Amino acid sequence: ALSWTEMVGMSLLRAVVGIAAKLNPLKSRPPGVPLLARFQPSIPGVPVRCGSHGKRLFVMKPAEFYDKRFLKLLRFYILLTGIPAFAFITFINVFIGEAELAEIPEGYVPEHWEYYKHPVTRWLCRYMFDPPEKDYEKLMAIVNIEAEKAELRLLQLEARRVMRRRGDGPWHQYETLDKNLIDHSPKAHPDA
Amino acid sequence: MPDKWDKDVYPEPDRRTPDVKRESGLPNPTQLVVGLYHYAVDVPVTAFRDLIDRHREKHKYYYYHRQYRRVPDLSECEEGDYVCYFEAEMQWRRDHKVDQEIMDIIQKRMQACQQREGPSYIQNCAKEVEQFELAAKGYQARYAELGAHGNSRKCLMKQKHRMLAERKAEAAAAES
């Protein structure tokens, strides 16, 4: 582990060694080529000719990797089911097509799915959902059951009240002791 | 493509565009553009559409509008017959929806007439306006001020109050 002063010193030394290696007079160099690509001679008035697409620059900009990855993944997962769904629905709309409106013929009772227009709705209604008539009758059954329950509850309350008052019904009967166990001897002589 | 509207219901006024007299010798660029569009876009699309229509003509299937049977009204139900109340309520709701749609159509008719006639709508649209006013008065008398929780029972009570008010007004008119 180096301290920061040591690290700065090391990096400076490395830079100097690199420049010295490049500026080595013993190496043979082709004439006319500038010594270092960075240090181009800038004579004022003469355009710099690099020979390739401009001077290579190190452009400083924020990280694109995460954003690009997110957008790529988003597009991928949306289109994974989006394209088959789109193709399927387009195929159905173009080749099978929607139903046409017609008057109900005499003596014909249409099935419950024949009241819808789009073929997908018709299919779902036919194979997945209950017919609306069934739902209506289920609601009516619930209403009927609740009405009967309410009526029975009222009757039960009435029966309870009457049986409690009169005491001659099966409810509100309380166990009492046997009559023969009562000792009537204190009452045998009332005027004693 | 959607069907055009019924011309008897919403009649179009006669066109008054002036006749164009061409005075230039150059070809008309509009015709060129229209012709290009026709051959490049219109003809292939129409051909494809005709192909699909011919295919569909062979495999036609239909859908129908629901027809509901009439059930006894709320005023014809016995007291305590909750199933009868339920069916009467459902019928009232369906009728309410139908009345809303009728009002919508009459309103749209009046608006379309006003849009067509422009500044002279006051005398040309008198019939539509009168029809709308009649219908609106009836709708108001029946359904207005029942609120969001309006049901068939409240509507029946409103009718009862209306009839009582009428009777009172008649009695007051007979006295004076």
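These numbers were taken from a predicted model, which means no experiment stands behind them. Letters A, B, ... mirror the listed sequences (proteins, then strands); counts begin at 1.
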Region of A:Glu98 in contact with chain B, defined by heavy-atom distances below 4.5 Å: backbone
Residue part contacting chain B, namely of A:Glu133, when any heavy atom lies under 4.5 Å: side chain
Decide if atom [atom1] of [X] counts as having more than 12 heavy atoms of other residues, nucleotides or ligands within a radius under 6.0 Å.
{"X": "B:Gln100", "atom1": "CD", "value": "yes"}
{"X": "B:Asp14", "atom1": "CG", "value": "no"}
{"X": "B:Glu78", "atom1": "CD", "value": "no"}
{"X": "A:Lys117", "atom1": "NZ", "value": "no"}

B:Tyr64 side chain reached by A:Pro105 side chain, heavy atoms, under 4.5 Å: yes
Any side-chain heavy-atom pair of A:Pro119 and B:Tyr61 under 4.5 Å: yes
Shortest non-hydrogen separation from B:Tyr63 to A:Arg122 and the atoms involved: CB-NH1, 3.6 Å
Over all atoms of both residues, closest heavy-atom pair of A:Tyr116 and B:Arg66: OH-NH2, 3.9 Å
Are [X] and [Y] connected in the hydrophobic side-chain network, where two residues link if heavy atoms are under 4.5 Å apart?
{"X": "B:Tyr139", "Y": "B:Val98", "result": "yes"}
{"X": "B:Leu74", "Y": "B:Val83", "result": "yes"}
{"X": "B:Leu51", "Y": "A:Phe95", "result": "no"}
{"X": "A:Phe76", "Y": "A:Leu79", "result": "no"}
{"X": "A:Ile145", "Y": "A:Leu139", "result": "no"}

Straight-line distance of A:Ile96 CD1 to B:His59 NE2, nearest 0.5 Å: 10.0 Å
Gap between atom CD of B:Gln67 and atom CD of A:Glu103 - 0.5 Å precision: 7.5 Å
Verdict with supporting geometry, A:Asn144 and B:Tyr82, side-chain contact (heavy atoms from CB on, under 4.5 Å): CA-CA 7 Å; A:Asn144 192 26; B:Tyr82 291 99; over 6 Å; no
Pick from B:His55, B:Met90, B:His65 with the largest number of heavy-atom pairs that fall under 4.5 Å of chain A: B:His65
Closest-packed option against chain B by number of heavy-atom pairs under 4.5 Å, given A:Ala141, A:Gly97, A:Pro110: A:Gly97
Closest-packed option against chain B by number of heavy-atom pairs under 4.5 Å, given A:Glu114, A:Glu151, A:Glu146: A:Glu114
Aromatic ring proximity, centroids under 6.0 angstrom, B:Phe86 and A:Tyr136: yes
Residue part contacting chain A, namely of B:Arg56, when any heavy atom lies under 4.5 Å: side chain
